[in-house]
Protein chains: 2
Amino acid sequence: MLISDSKVPLYYQLVDILGKQIKENMKPHDRMLSEREICTKYNVSRTTVRLAMAELEKMGYIYKMHGKGTFVATLAENKQNLMESYSFTEHMKKLGKVPKTEVLSFEVIKVNDYLAKHMGLSGEENAIKIIRLRLADGIPMMVETSYLPFAKFSSLTEELVKKKPLYEIFKEEFSQVIKAADEEFSASIIPSREAHLLQVPTNSACLKLERTTYNTANQVIEFTFSIARADQFIYKVRHIR
Amino acid sequence: MLISDSKVPLYYQLVDILGKQIKENMKPHDRMLSEREICTKYNVSRTTVRLAMAELEKMGYIYKMHGKGTFVATLAENKQNLMESYSFTEHMKKLGKVPKTEVLSFEVIKVNDYLAKHMGLSGEENAIKIIRLRLADGIPMMVETSYLPFAKFSSLTEELVKKKPLYEIFKEEFSQVIKAADEEFSASIIPSREAHLLQVPTNSACLKLERTTYNTANQVIEFTFSIARADQFIYKVRHIR
DNA sequence: TTAATCAAGAGGTAGTAACCAGTTCAACAA
DNA sequence: TTGTTGAACTGGTTACTACCTCTTGATTAA
């Protein structure tokens, strides 16, 4: 079942196979085969099995109990890839809504002190500033203002941003893999400009969100402010371990 | 430096030692010793070193680059234990504020359908309902309403809750270790009861927070609603991987 | 000078082996 | 009957070995 001379590691092939089994045939708290049983079934070492299981655990698919076994997590139901939680597009699809994005502006700016500090840039560098309106089922949900380091994304165009989700662009066009993200949540009364864009009364509450996204080399690849309408938008995050 | 016959595993002793070194003597992007160098320095196998490094990586202390080395993460500056982000007490201490908690009510209730569903309980079970007012430097910050499964915490008393942070009680009195948490954020106009408790005008915005906390066996050990005043409270979360 | 090559050293993957520490339950002894 | 014990599982820890891929920089060849 596993391909030894594949470019994709054995343990990762196992992650795929077991993950699929869990999603298709198992329910929360079902017991998995023991590590040693998986070894013989797939003819791999326990090292490989434990690597795969560690990965599944990090993804929230399974949990282990010393002396008892490994079990399917309740968390497995609605969570695949942690990265998806950062993505408005993926987030909305998961909720059964149709996401849509309008790019309101796209420009290259010189970073100010605040941006330089938060993005780990020198004050001389440039950043790409993108303002987007996000809609779900045609209802305006949030306004996002994103800053990307120009040095890493100099060839990025407005057309591309209009065509593809930002996180797909990161990965497919610039080989930037998201490794970590910091998010800050707060609430306030909605600013009038955003009230207009989101089509809500001027005294409404809104959810403010600030996100800093890091690549595998621990560099900031995105710094985003979002303002979301309070009556429509709920933001979900999951912590594991 | 490491103690072979200790009850605490070698790899975890290494986590402590390396973590301390990072916090005390290193800064972001500094290179760590290579895995093989650490092996000889502490006289352990590479297995052990890699286990420790994996742990440090999960904690956000370090990041690795294939072929180049292992480096101190920028994230290390302000983050130790992911669990601490759930804890109001720890969270506030980290911000240099003095946390205080007033227990407003403590009672055992029969769960309704909504609670039963969210806590994985049958409709017949009981829960402990605790309402707390959280203050930082004497300023009321948020009102938290928590539900704990009575079956797991039947011996919990109001006195204990007044004396100790809830998450310390979980760990020390009931051996419940937090493994994962789901959080949902939204914003709204503050309800009048909370407006009064938080001493803000009735038309203020507030941050609403719903948290479900799981133990290592993937059972819900806490379900909490929070209402926080928008002008004072910012909630930070970090995702890794 | 410039480009290709190669070796050293980094982390990544994989196997084997052995023993430790919880959990469970059946077999045995009081 | 009621304990207790102990074997047979579970995952957890540790060591050793070997080879892979990626990065870097020095050496070599064009």
Side-chain angles (χ1 to χ4, degrees), chain A residues 1-18 29-58 61-73 175 177 179 215-219 241, chain B residues 1-18 29-58 61-73 175-177 179 215-218 241:
Chain A
M1 286 175 154
L2 301 187
I3 305 160
S4 299
D5 57 344
S6 162
K7 48 276 150 244
V8 44
L10 287 177
Y11 84 91
Y12 202 80
Q13 295 180 45
L14 244 191
V15 168
D16 283 339
I17 291 175
L18 296 176
H29 306 297
D30 279 0
R31 238 200 79 185
M32 312 256 307
L33 291 179
S34 77
E35 295 178 354
R36 287 160 179 94
E37 285 170 328
I38 295 176
C39 289
T40 60
K41 174 165 181 182
Y42 294 97
N43 193 34
V44 290
S45 73
R46 201 164 152 226
T47 311
T48 303
V49 173
R50 280 184 66 79
L51 249 183
M53 300 292 252
E55 204 65 27
L56 287 167
E57 194 182 14
K58 269 193 280 193
Y61 276 70
I62 60 173
Y63 63 97
K64 300 172 172 186
M65 293 215 284
H66 193 174
K68 299 181 84 169
T70 302
F71 306 85
V72 175
S175 304
V177 176
K179 183 61 178 302
N215 65 11
T216 48
N218 214 32
Q219 299 164 316
R241 299 206 85 236
Chain B
M1 287 174 155
L2 300 187
I3 306 159
S4 299
D5 57 342
S6 162
K7 47 276 151 249
V8 44
L10 287 177
Y11 84 91
Y12 203 80
Q13 295 180 44
L14 244 191
V15 168
D16 284 338
I17 291 175
L18 296 177
H29 305 297
D30 278 0
R31 238 200 78 184
M32 311 256 307
L33 292 179
S34 77
E35 294 178 356
R36 287 164 178 92
E37 285 170 329
I38 295 176
C39 289
T40 61
K41 174 164 180 183
Y42 293 97
N43 193 33
V44 290
S45 74
R46 197 160 157 230
T47 311
T48 303
V49 174
R50 280 185 65 79
L51 251 184
M53 300 291 252
E55 205 64 29
L56 287 167
E57 193 182 14
K58 269 193 279 192
Y61 276 69
I62 60 174
Y63 62 96
K64 299 174 173 186
M65 293 214 284
H66 193 174
K68 298 181 84 171
T70 302
F71 305 86
V72 174
S175 304
Q176 294 285 347
V177 176
K179 183 62 177 302
N215 65 11
T216 48
N218 215 31
R241 297 207 84 236

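Only a predicted model underlies this, so the values are computations on that prediction, with no experimental measurement involved. Keep in mind that the numbers below use all heavy atoms, side chains included, and drop hydrogens, waters and symmetry copies. A note on names: the letters A, B, ... follow the listed sequences, proteins ahead of strands, and every chain is numbered from 1.
Nucleotide C:dT13 holds its C1' atom 18 Å from the CE atom of A:Met53, rounded to whole Å. Protein atom CZ of A:Arg31 is 14 Å distant from nucleotide atom P of C:dT23, rounded to whole Å. Rounded to whole angstrom, the span from the OH atom of A:Tyr63 across to the C1' atom of C:dG22 amounts to 16 Å. Distance CD (B:Glu35) to C1' (D:dC22): 14 Å, rounded to an integer number of Å. Nucleotide C:dA14 holds its C1' atom 16 Å from the CD atom of A:Glu55, rounded to whole Å. The distance from atom NZ of A:Lys179 to atom C1' of C:dG11 is 12 Å, rounded to the nearest whole Å. Following rounding to the nearest Å, A:Phe71 (CZ) and C:dT23 (P) show an atom-to-atom distance of 11 Å. Atom pair A:Glu37:CD and D:dT10:C1' shows a separation of 10 Å (rounding to whole Å applied).
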* Can you give one letter per nucleotide of nucleotides 3-8 of chain C, going 5' to 3': B for a protein heavy atom under 4.0 Å from the base, S for sugar-phosphate only, - for none? -> ------

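When atom types are taken as modelled, the side chain of B:Gln13 and the backbone of B:Ile3 share a donor-acceptor pair closer than 3.5 angstrom.
More than 12 heavy atoms of other residues, nucleotides or ligands lie within 6.0 Å of CG in A:Asp16, so this atom counts as buried by the packing criterion. Atom CG of A:Asp30 has more than 12 neighbouring heavy atoms from other residues, nucleotides or ligands inside a 6.0 Å radius.
Under the salt bridge (Lys or Arg N to Asp or Glu O under 4.0 Å) criterion, A:Arg46 pairs with A:Glu35, sequence neighbours left out.
Considering only the side chain of A:Ser45, C:dG15 comes nearest among D:dG11, C:dG15, D:dT14.
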Please list, pair by pair, any protein nitrogen or oxygen found under 3.5 Å from a nitrogen or oxygen in nucleotides 18-21 of chain C.
{"from": "C:dA21", "atom 1": "N3", "to": "A:His66", "atom 2": "NE2", "distance (Å)": "3.0"}

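Note that the CG atom of B:Leu18 and the OH atom of B:Tyr61 stand 11.0 Å from one another [nearest 0.5 Å]. In this structure, NZ on B:Lys41 lies 10.0 Å from CG on B:Leu14, to the nearest 0.5 angstrom. The NZ atom of B:Lys58 sits 4.5 Å away from the CD atom of B:Glu55 when rounded to the nearest 0.5 Å.
In this structure, B:Met32 and A:Val44 both approach DNA chain C, and ranking their closest nucleotides by distance from the 5' end singles out B:Met32. Where A:Lys68 and A:Asn43 each meet DNA chain C at their nearest nucleotide, the meeting point lying more 5' is that of A:Asn43.
Each of A:Leu10, A:Asn43, A:Ile38 was compared with A:Thr48 under the side chain to side chain contact (heavy atoms under 4.5 Å, CB included) criterion, and only A:Leu10 meets it.
For B:Thr47 against D:dC16, a side-chain-to-base donor-acceptor contact under 3.5 Å is present.
Dashed line: the shortest gap from a side-chain N or O of A:Ser34 to OP1 or OP2 of D:dC9 is not under 4.0 Å.
Residues A:Thr70 and A:Glu57 fail the side-chain proximity criterion, which asks for heavy atoms closer than 4.5 Å.
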